[in-house]
Asker: 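Okay, handing you the structure first.
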Amino acid sequence: MLKKLEEYEKQIQELVIASKEDLENFRLQFLSKKGIVPQLFTAFRDVPNEQKKEFGQKLNVLKNLAETKFKELQSELKSGGNAIDPNIDLTVPPFPMELGTRHPVNMVRREVVSIFERIGFTVSEGPEIEDDWHNFSALNFPPEHPARDMQDTFFVAKDPDFALRTHTSSVQVRVMENQQPPIRTISPGRVFRNEAISARAHCIFHQIEGLYIDKNVSFADMKDTLLYFAREFYGPETKIRLRPSYFPFTEPSAEMDVYWGLETEADHRITKGTGWLEVLGCGMVDPNVLRSCGIDPDVYSGFAFGMGIERTAMLKYQVKDLRLFFENDKRFLDQFKAAY
Ligand code: PHE
């Protein structure tokens with residue numbers, strides 16, 4: 001009897017079916033009222049007592065197996081089964097699958113990151129929701145600075161202040177708090193400012209900021225690093241100039257322009273007739289910032305810089321409207337296939 005059970009088990013396990021009829025035959029053979037499984041349950045009554053336990057267990061296994069197998073075969077049949085339709089030619093090549101493109105913002109971010117990685121910068125990231133300390137106070141923003149105004153910053157909560165970060169300099173504060181120099185890092189990320197949306201401004205955009213701190217770092221080091229970047233990114237002949245500027249967290253501060261040219265009418269328009277284009281802000285890290293972050297300004301000095309990714313992409317790909325980067329219109333994105 002026990003041997004018989006095992007044979008049935010094997011038979012069920014190996015069963016393959018091709019049609020509804022096969023499935024129905026299987027059901028009739030094993031599961032219907034007069035089928036094998038119910039019959040075995042009847043036979044169970046006459047099994048000698050000392051075999052009842054083993055027989056009972058095996059019988060239950062068989063019953064479960066038959067039921068699951070039935071359900072499996074049923075759903076297999078519904079979904080078309082494993083059988084291959086002889087009318088389908090499996091050697092025909094598939095339709096070419098259309099590949100997507102990288103978003104231009106990502107393309108620029110990747111390129112800028114790789115340019116700085118090649119000279120030893122690491123990439124650091126931080127939270128998009130920041131406290132007042134990391135976004136403003138540690139960066140030497142005085143309490144009455146207009147950037148702290150609701151008009152410029154999206155506050156998430158007041159007292160304690162939490163806001164959407166307005167720049168990724170906040171990440172650099174976190175790096176300096178956790179690490180002593182030498183520091184060489186760039187921080188790409190999304191930033192938020194409370195601005196009316198137009199072709200030239202958006203309330204969300206992306207930045208890449210850089211930070212370099214060590215002993216004896218000078219303004220000349222900064223200029224050299226930025227020249228290297230400009231030539232890698234805008235071309236080997238690129239000329240740069242630094243104009244004095246102001247940021248609370250750097251002193252002295254500057255804005256870097258690259259020479260764009262004045263050949264076409266578009267050149268005149270983009271450069272406002274000067275031939276030069278502003279591409280990033282930079283400066284020597286203010287000693288107050290170093291001190292706030294636990295770095296001794298008498299021992300270390302450094303520089304920082306920051307650029308908008310969308311702005312950089314607009315220049316590189318001649319995009320006239322910033323809003324295009326956020327709409328994800330496929331017709332716009334498809335134009336970057338060649339660049340990718
Ligand atoms: N954090 C500045 C901004 O958001 C950019 C900047 C970074 C300028 C570092 C100077 C040095 O505009």
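We count ligands from 1, going down the list as the structure has it; atoms in each ligand are counted the same way. Hydrogens, waters and symmetry mates are skipped; everything else that's a heavy atom, side chains included, is used.
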Asker: How far apart are the C-alpha atoms of Lys58 and Glu6, what are their side-chain angles, what is the distance that settles it, and do they pass the salt bridge (Lys or Arg N to Asp or Glu O under 4.0 Å) test?
Answerer: CA-CA 8 Å; Lys58 285 227 160 108; Glu6 276 159 25; 3.2 Å; yes
Asker: Between Phe325 and Phe332, what is the ring plane arrangement, given parallel below 30°, perpendicular above 60°, and tilted in between?
Answerer: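 Geometry flag for Phe332 against Phe325: perpendicular rings.
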Asker: Please determine if Arg174 and Glu130 form a salt bridge, counting it only when a charged side-chain N lies under 4.0 Å from a carboxylate O.
Answerer: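 Here Arg174 pairs with Glu130 in a salt bridge, since their nearest N and O are under 4.0 Å apart.
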Asker: List, ordered by chain and residue number, the protein residues whose closest non-hydrogen atom lies under 4.0 Å from any atom of ligand 1.
Answerer: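 Close residues (ligand 1, cut-off 4.0 Å): His167, Ser169, Arg193, Gln207, Glu209, Phe247, Phe249, Thr250, Gly281, Cys282, Ala304, Phe305, Gly306.
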Asker: Inspect the contact between Arg27 and Glu24 and indicate whether a charged nitrogen and a carboxylate oxygen are less than 4.0 angstrom apart.
Answerer: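 Salt bridge: yes.
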Asker: Would Phe303 and Phe219 count as a ring-ring contact (aromatic ring centres under 6.0 Å, His included) if you check the C-alpha gap in whole Å, the side-chain angles of each, and the deciding distance to 0.1 Å?
Answerer: CA-CA 7 Å; Phe303 61 83; Phe219 198 88; 9.1 Å; no
Asker: Mind checking salt bridge (Lys or Arg N to Asp or Glu O under 4.0 Å) for Glu278 and listing every partner two or more places apart, or none if nothing turns up?
Answerer: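 Scan of Glu278 (salt bridge (Lys or Arg N to Asp or Glu O under 4.0 Å), adjacent residues dropped) gives Arg243.
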